[in-house]
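Note sheet for the following structure.
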Amino acid sequence: MTASFDTIDLDFDRHHIWHPYTSVQNPLPVYPVRSAKGVFLELEDGSRLIDGMSSWWSAIHGYNHPVLNLAVASQLQQMSHVMFGGLTHQPAVRLAKQLVAMTPEPLQKVFFSDSGSVSVEVAIKMAFQYWISLGVTTKNRLLTVRSGYHGDTFAAMSVCDPVTGMHHLFKGVMAQNFFAEAPACRFDELCLPEHIAGLQQQLEQHQGEIAAVIIEPVVQGAGGMRFYSPDYLRRLRELCDRYEVLLILDEIATGFGRTGKMFALEHAGVVPDILCVGKALTGGYMTLGATLTTEVVAEAISSGTPGLFMHGPTFMANPLACSVAVASIGLLGSYDWQASVQRIEAGLQRGLEPCRSMPGVKEVRVLGAIGVVELHRPVDMATIQRQLVQRGVWVRPFGPLVYLMPPFIMQDEELALLSAAVCGVVETIL
Ligand SMILES: *Cc1c(COP(=O)(O)O)cnc(C)c1O
């Protein structure tokens, strides 16, 4: 094969392919990746970048992992896909067993779907169908907090932060929900009544219209990279019980160890009525989401009319994705991942420390394997991206946020290089 045949046609890409959140008139540069292994992305020109993103929270074990590769390869020999209507298979059953075992005891029913956003759609539909099945027809809206992110599909989008989300753009076609202020109590603080008063007021006022509260536990991801007190979640659970609304926890970003616990809800010890997982579920290998719920919710849906949960994607429980998810969860069970996340937390604290005193920096915060440098002003994405790549790291800032969430396997030396590159670039920002 000739070299030119191998070369990625960037010109074609530029003219014909939409990348996330881009314009076709003025697309931002994209970097051609040839391969990825461990914590490195290898670009087409042969340069290697230390990966600080885990491909959007997902590649917790790094890339090209022999155990995960084997899981996909062996499943491929059996079948890559079969429909899930009327059929079942070992990878789905094994994965559901793992998910039921590792999440809070009341969560017993698993619905598989294709992505995080779809798992959120499913969660919202479950909440609505629950109330419809009980004959309560007025509870058809959601309550959430600002600075959240739950996905890009319509129901998910309707509970994203109304300012950074796309609310103004899709006003009129998007469901209108209720918003309370983002949790103001910090991770290591207690949550005082005034911290949750706004949310309580919404519940007080709209109790009869609200089907569920949806929130990302402890870490608000793409809506602002904010950490808040687990105590807030405990109070929220009490309020949901008191005002008779369901609680949906979206663990799509936080699940599978990222915050130092297997699930972020463990920081608070709360049990949701519905739980969404995705992203790191497959170790970043394939797209897969799952929505778990309780016997209570599932039984109510099944006892109403039509008595069926009305959802069923074509690629539901894809066997390749389920197999690699089983292997990824198995990998987490095979070593002391908590020690790794703690080591990364310490490394990020150390490595990002110099940023704290830089003029462009508003705040540096670290929790588990998440490090955030919040700037005073939004960055120019294309410029900062190029500078980071020149320094040999892959980090993709958004707005005023330069953040790191490395694979759990990253060693201290690479972590130090990654943090130093970020600090080096941030230093140039005023
Ligand atoms: C990424 C994300 C989603 C959406 O998942 P997709 O797989 O991108 O559809 C939903 N909720 C949270 C918290 C996320 O971080």
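Counting starts at 1 for both ligands and their atoms, following the listed order.
- The 4.0 Å heavy-atom shell around ligand 1 contains residues S115, G116, S117, Y149, H150, G151, E216, D250, I252, A253, K279, ordered by chain and number.
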For residues 263-278, tabulate all N or O donor-acceptor pairs below 3.5 Å that involve a side-chain atom, not counting sequence neighbours.
{"unit_1": "E266", "atom_1": "OE2", "unit_2": "F263", "atom_2": "N", "d": "3.3"}
{"unit_1": "H267", "atom_1": "NE2", "unit_2": "T259", "atom_2": "O", "d": "3.4"}
{"unit_1": "H267", "atom_1": "NE2", "unit_2": "T259", "atom_2": "OG1", "d": "3.0"}
{"unit_1": "D273", "atom_1": "OD2", "unit_2": "R237", "atom_2": "NH1", "d": "3.2"}
{"unit_1": "D273", "atom_1": "OD2", "unit_2": "R237", "atom_2": "NH2", "d": "3.1"}
{"unit_1": "D273", "atom_1": "OD2", "unit_2": "L247", "atom_2": "N", "d": "2.8"}

Atom pairs and distances, side-chain donor-acceptor, residues 190-198, under 3.5 Å, sequence neighbours left out:
{"unit_1": "H195", "atom_1": "ND1", "unit_2": "L192", "atom_2": "N", "d": "3.0"}

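- Judged by distance alone, the side chains of E121 and T153 do bring a donor and an acceptor atom under 3.5 Å apart.
- In this structure, a donor-acceptor pair under 3.5 Å is present between the side chains of S55 and Y63.
- In this structure, Y285 has no ring pair (Phe, Tyr, Trp, His ring centres under 6.0 Å) partners at least two apart in sequence or on a different chain.
- Annotation: M166, atom CE; neighbour count of heavy atoms from other residues, nucleotides and ligands within 6.0 Å is above 12.
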